[in-house]
Peer 1: 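Sending over a structure as structure tokens; questions will come in a sec.
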Amino acid sequence: MKTQLNISSGLRRLAVCGSLAISGALLLPGEVNAQIVTMDNGGSTATVNLGSSAGMDNWSVGVGANMQNQLNQQWFWYSVNGGAVQSIDTIANSPGGSLSYSLSPDQSTLNATYQNSTLAVAIQYQLSGGGAGSGSADLSESITVVNTGASAFNINFFQYSFFNLLQNDQNTVNILGNPGAFTSISQTTTGGGNGIVEVVEQPFANYAEAGGPATVMADMTSGNPLTDATSAGPGDEAWAFEWTATGVGTGVNNALDIYKDKNLSIQPVPEPGTMSLVGLGLVACGFVRRTMKRNV
């Protein structure tokens, strides 16, 4: 089935065309070595290692008075014409490959483009924090996959996500939708907070899987379709989406465009032990006040 395109992606296409045209120009000497970029907005930070399959390995929000990381790893993999599943950073490391990227002056938006003679993958991240100490933030991601070769190809594109909300290893993942059209995922945790919700705006994912991090990673990189297991937990859990497109022609007019949005809202509920200490403290204060009154 040929990739279907949406008129609303026109402006995004223009941006991608420009990015591909100047792919080498944005590489500054310092960036080539570091390739680690941190976005910052509204009391939230997100760090992306563009040169490694570690990918985005930190998304922190203010939980009470402290900043706390809620993410272990999120990154993207691909397979062309049924070949080996590879991390997108390998595109830049292949013969003739390149990586270009830029961070907006306010540090909220990151654009990165990987390109070689077979394909180009352009990603835009936009981070919007909910304010210091709010425990909330939003991250939108726009991904464009372009065939830069001479003939049409088939593409499998994957997103792997391994969040550990409140770092308590007690997360539950639920994927919504059906095989061929998975629409969103929600992850919650014992200990409070709303958790995280990711909505796939277009196109819906063809396959999905929820489960243990190592299992999901192994299934994704095996080259077989994801299992479509839609729930996992509570425990240390991960999930993955897979998009497929066949007969993708060359050039940006035939690109696979993926639009997604993540909303994170997390606040801890005091542990029973903490509540007990608070209660004991209040009782102690009352006892001290009564003793003082007797001695007056």
Peer 1: Are any non-hydrogen side-chain atoms of Ile196 and Gln70 less than 4.5 angstrom apart?
Peer 2: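 No; the side chains remain at least 4.5 Å from each other.
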Peer 1: By the ring-ring contact (aromatic ring centres under 6.0 Å, His included) test, which pairs, at least two apart or in different chains, include something from residues 143-189?
Peer 2: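 Sorted pair list: Phe76-Phe157, Phe163-Trp239.
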Peer 1: Hey, does Ile266 have a side-chain heavy atom less than 4.5 Å from the side chain of Val63?
Peer 2: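 SC-SC contact between Val63 and Ile266 confirmed.
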Peer 1: Asn164 and Asn72: which non-hydrogen atoms are nearest, and at how many Å?
Peer 2: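 Result for this residue pair: CB-ND2, 3.8 Å.
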Peer 1: In terms of hydrophobic clustering (I, L, V, M, F, W, Y; side-chain heavy atoms under 4.5 Å; direct or indirect links), are Ile185 and Met217 co-clustered?
Peer 2: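 Same cluster: Ile185 reaches Met217 through Ile, Leu, Val, Met, Phe, Trp or Tyr contacts under 4.5 Å.
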Peer 1: Could you pull out the closest heavy-atom pair between Asp89 and Tyr114, with the gap in Å?
Peer 2: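 Shortest heavy-atom separation between Asp89 and Tyr114 comes out as CA-CE2, 3.7 Å.
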Peer 1: If you look at every heavy atom in Ser60 and Ser44, which pair is closest and at what distance?
Peer 2: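 The answer is O-OG, 3.0 Å.
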Peer 1: For Thr113 and Ala122, which heavy atoms make the closest approach, and how far apart are they?
Peer 2: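 For Thr113 versus Ala122, the nearest heavy atoms are OG1-CB, 3.7 Å.
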Peer 1: With a 4.5 Å cut-off on side-chain heavy atoms, are Gln115 and Thr148 touching?
Peer 2: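 In short, these two side chains touch, coming nearer than 4.5 Å.
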Peer 1: Closest heavy-atom contact between Ala137 and Leu127?
Peer 2: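 Heavy atoms of Ala137 and Leu127 come nearest at CB-CD1, 4.4 Å.
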Peer 1: Quick one: list whatever passes salt bridge (Lys or Arg N to Asp or Glu O under 4.0 Å) with Glu198, sequence neighbours left out.
Peer 2: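 Glu198: salt bridge (Lys or Arg N to Asp or Glu O under 4.0 Å) contacts with Lys260, Lys262.
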Peer 1: Testing the basics here: between Leu119 and Val121, what is the closest heavy-atom pair and its distance to 0.1 Å?
Peer 2: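 Closest heavy-atom pair between Leu119 and Val121: CD1-CG2, 4.0 Å.
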Peer 1: Using only heavy-atom distances, determine whether the side chains of Thr188 and Thr172 contain a donor-acceptor pair under 3.5 Å.
Peer 2: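 Not at all, the side chains of Thr188 and Thr172 share no donor-acceptor pair under 3.5 Å.
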